[in-house]
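Read the numbers this way: they start at 1 and go in the same order the structure lists the ligands and their atoms. Fair warning: this is a prediction, and the values are worked out from it, not measured in the lab.
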Amino acid sequence: MAQKNNKYYVTTPIYYVNSKPHLGTLYSTLLADVAARFARILGKEVFFLTGTDEHGQKIQERAAEQNMDPKAFTDSMIPPFKDVWKLFGLDYNKFIRTTDDDHKKAVVKWIKQMLKQGDIYKSDYIGSYCVPCETFVTVTSDTPRNADKKPLCPSCQRDLREIAEESYFFRLSAYQDQLLEFYEKHSDFIVPKERMAEVKSFVKSGLKDISISRKTCKWGIPFPGDPEHTVYVWGDALNNYISAVGYGKDDAASHALFEKWWPADLHVMAKDILRFHAVYWPAFLMAAGLPLPKKLLVHGYILMGDKKMSKSLGNAIDPVDLAEWYGVEPVRYYLMRQMAVTHDGLFDVKDLEDRITSDLANNLGNLLNRTVSLALNNNLKTVEAPEVWEAASSHLREQCEETYRLYWDAMKACSYHVALAHVWTFIAEVNAFFHAQQPWVLAKNNQELFTEVIAAACHSLYAIGIMLWPVMPKKMEQLLISLGCHWEPDINYDTVLRRNVWDSSFTLSKTDEPLFVRPESRLVKADDVALAHKKSEKKDTKKTENKGETMEEIGIEDFAKCHLIVGMIEQCEPVKGSKKLYKLTVNCGEKHGIRSILSGVAQQMTPEQLIGRQGVCLVNLPPRKMVGEVSQGMLLYAHDESGNFTLATVGSPVDNGSRLT
Ligand code: MSP
């Protein structure tokens with residue numbers, strides 16, 4: 001049995017089955033899969049849970065529209081989920097359904113305990129309800145409204161329903177202080193940290209008791225002792241995280257299972273359901289006297305145009321199409337690399353193709369191919385490590401070790417996009433080493449050094465293969481096989497990569513198929529996606545008038561394209577041949593590096609007014625040449641009509657590289 005500290009329990013939200021999975025739901029499940037696989041690399045025993053949320057009014061109505069019995073309807077929706085998860089290699093240990101008997105029993109047990117200890121009482125609910133979100137909504141003056149001034153759901157912006165019915169309430173208000181105390185003690189409970197402030201302020205504003213049963217919704221778990229009611233779908237669903245690991249069952253094996261896995265190490269979800277996980281769920285657990293989950297990873301939305309991708313908005317992309325056009329693992333890579341986990345990110349087919357071409361086919365695939373082909377073409381099949389490494393190889397080995405440290409930190413923090421960026425920096429370093437060493441020349445005149453260069457490339461590729469395994473397991477297993485290694489689930493790769501002893505021998509073989517193919521041939525089909533994307537954007541350019549100034553109206557997706565980041569101006573010097581320009585050296589953080597930026601402000605500002613200040617830089621402009629110098633971005637300034645001129649900056653210091661959103 002796993003030691004308590006050597007286990008890793010990760011969950012996804014359980015998805016409503018009103019529609020098939022799409023790229024957004026795939027994204028959450030993939031994040032959990034990557035977290036689970038990374039824990040495996042660290043030698044942990046993993047339990048990865050996903051599943052479906054099948055009760056409630058939304059499903060009841062969807063089944064009725066289809067003229068189906070709700071259970072038959074939910075049964076029919078399970079294969080689409082399981083098929084897509086399987087296609088994408090999402091290696092879960094359990095797929096829970098809220099219609100499972102064990103789950104229903106666990107919910108009944110929890111409700112009975114709450115009733116017994118007085119945490120649930122009967123009253124009436126009169127107010128609004130959002131069926132798509134299955135949420136009771138408190139309407140205030142801030143609630144969004146439609147053209148007829150009727151309130152809309154603050155989360156999905158759809159119409160609300162008025163309901164007035166008898167209901168059982170959970171005494172959430174009684175847990176306000178305990179929750180605040182918990183947040184104080186566990187400041188790293190929520191990733192990203194900024195979301196904690198939002199949760200705290202919600203709780204501090206005063207918690208009201210929440211409705212925990214529905215009388216008019218018949219499709220749900222019968223409420224213990226009052227079968228006219230069903231358990232409110234969120235009261236039912238959240239308990240999946242404990243029912244899946246034995247809660248609610250009385251036998252010794254279930255007790256041991258629960259003891260072993262609970263509390264969860266990571267709950268993955270998007271921000272739409274943060275309140276349920278950061279407030280209601282901890283309160284439910286506190287009431288039950290159970291430990292609280294260790295961490296919530298709250299990720300952003302995948303956007304299409306300016307909207308969250310969702311089936312009901314009709315802008316969802318079917319992951320099966322993408323897998324068919326680009327292959328499963330390149331899509332996994334794109335999702336993990338392109339999206340900054342805790343921010344919203346646009347899905348863009350062009351970016352996807354560029355990533356496959358450049359990162360996968362050119363940088364990584366080619367490196368493997370060149371290494372193996374060059375060795376085999378020169379009769380080097382078994383590659384032994386040298387007794388002593390030359391300086392260049394030793395340097396590469398140090399870079400490898402440092403990369404693993406950076407990768408580990410980022411993976412631990414669930415910053416998967418950052419971890420991948422570090423791996424690709426290393427891939428560039430290996431490519432540079434390969435070019436500099438010119439092994440194709442060495443093959444002719446220095447067999448020993450030739451073998452060493454190939455061996456260094458093999459050791460590097462081995463580490464790369466392990467680090468990328470959580471994101472692209474099949475491809476990396478293929479890579480390892482061509483080095484003569486195998487992925488072995490029982491190895492603690494953390495120890496291996498941390499020690500980084502380059503003493504292995506590799507037996508090389510060419511793979512039948514190239515590791516990655518460039519996606520040019522699929523561009524036509526990809527255009528279909530882009531077209532669907534465009535349609536959903538309805539992107540007519542509009543003009544808006546503001547006090548005499550005509551401005552072109554842009555969509556949020558246009559703004560999202562601008563990478564505005566905070567950078568520290570470290571140096572400022574005049575540019576020869578220009579009265580207006582300064583050449584600024586700006587530290588744009590780890591990701592964007594130190595940049596040389598030209599600014600036409602020499603007549604308005606002195607270097608002293610700039611040096612040592614944090615400015616706002618647009619960093620994704622193409623490099624621009626001016627008077628013999630290249631500018632790698634643009635710094636922003638503000639000026640008014642009276643001629644005041646100032647650097648645009650931030651209210652208080654933040655890390656260089658922080659993005660303005
Ligand atoms: N059934 C509830 C969850 C109960 S968990 C105890 C539910 N289901 S859902 O089907 O609506 O799934 C919501 C979750 O799906 C989001 O929190 C997020 O994890 C994922 N996503 C749905 N659309 C998404 C995007 N467009 N982008 C990113 N994640 C997306 O809420």
Please state which protein non-hydrogen atom is closest to atom 25 (C) of ligand 1 and give its distance, to 0.1 Å?
Gly24 CA, 3.5 Å
Nearest non-hydrogen protein atom to atom 3 (C) of ligand 1, with distance, is Ile14 O, 3.2 Å
Within 4.0 Å of some non-hydrogen atom of Ile273, the atoms of ligand 1 are 3 (C), 17 (O), 31 (O)
List the closest protein heavy-atom neighbour of atom 11 (O) of ligand 1: residue, atom name, distance to the nearest 0.1 Å.
Tyr16 CD1, 3.4 Å
According to the interplanar angle, ranging from 0 to 90°, do the rings of Phe284 and Trp281 count as parallel (below 30°), tilted (30 to 60°) or perpendicular (above 60°)?
perpendicular
Identify, by atom number and element, the atoms of ligand 1 in contact range of Pro13, meaning under 4.0 Å from any of its heavy atoms.
5 (S), 19 (O)
Protein residue, atom and distance nearest to atom 16 (C) of ligand 1, heavy-atom basis
Asp272 OD1, 3.4 Å
Quick test of your reading of the model: are Lys44 and Asp265 salt-bridged, counting only N-O distances below 4.0 Å?
no
Phe276 heavy atom under 4.0 Å from ligand 1
no
Salt bridge (Lys or Arg N to Asp or Glu O under 4.0 Å) for Asp100 and Lys94? Distances and angles first, verdict last.
CA-CA 12 Å; Asp100 290 342; Lys94 184 174 168 92; 5.2 Å; no
Classify the contact between Ala270 and ligand 1 as side chain, backbone, both or neither, using a heavy-atom distance cut-off of under 4.0 Å.
both
Have a look at Lys20 and tell me which of Asp321, Asp318, Asp83 forms a salt bridge (Lys or Arg N to Asp or Glu O under 4.0 Å) with it.
Asp318
For atom 26 (N) of ligand 1, the protein heavy atom that lies nearest, with its residue and separation
Met309 O, 2.8 Å
Looking only at side-chain N and O atoms, does Tyr241 offer a donor or acceptor that is under 3.5 Å from a partner on His277?
yes
Centroid separation Tyr232 to Phe136 less than 6.0 Å:
yes
When you measure from atom 4 (C) of ligand 1 to each heavy atom in Trp234, Tyr301, Trp281, which option holds the nearest one?
Trp234
Which protein non-hydrogen atom lies closest to atom 12 (O) of ligand 1, naming both residue and atom, and how far is it?
Tyr15 CD2, 3.6 Å
Scan side-chain atoms only and decide if Tyr326 and Glu353 contain a donor-acceptor pair under the 3.5 Å cut-off.
yes
Contact between ligand 1 and Lys271 is defined here as a heavy atom of the residue under 4.0 Å from a ligand atom; is it met?
no
If we set the cut-off at 4.0 Å for heavy atoms, which region of Tyr241 has an atom near ligand 1: side chain, backbone, both, or neither?
side chain
Examine the side chains of Glu54 and Thr52 and answer whether a donor and an acceptor come within less than 3.5 Å of each other.
yes
Would you mind checking if Glu198 and Arg195 are paired as a salt bridge, meaning a charged N to carboxylate O distance below 4.0 Å?
yes
Salt-bridge present (Lys249, Asp102; N to O < 4.0 Å)
yes
Selection from Ser28, Ala237, Gly300 by shortest heavy-atom distance to atom 20 (C) of ligand 1:
Ser28
Atom 1 (N) of ligand 1 has as its nearest protein heavy atom Asp53 OD2, 2.6 Å
Top protein contact for atom 27 (N) of ligand 1, by heavy-atom distance:
Ile302 N, 2.8 Å
Quick check for you: to the nearest 0.5 Å, what is the distance between Tyr15 atom OH and Trp85 atom CH2?
5.5 Å
Under 4.0 Å between heavy atoms, the region of Glu134 that gets near ligand 1 turns out to be neither
Please work out, at 4.0 Å between heavy atoms, whether the side chain, the backbone, both, or neither of Thr12 comes within that distance of ligand 1.
neither
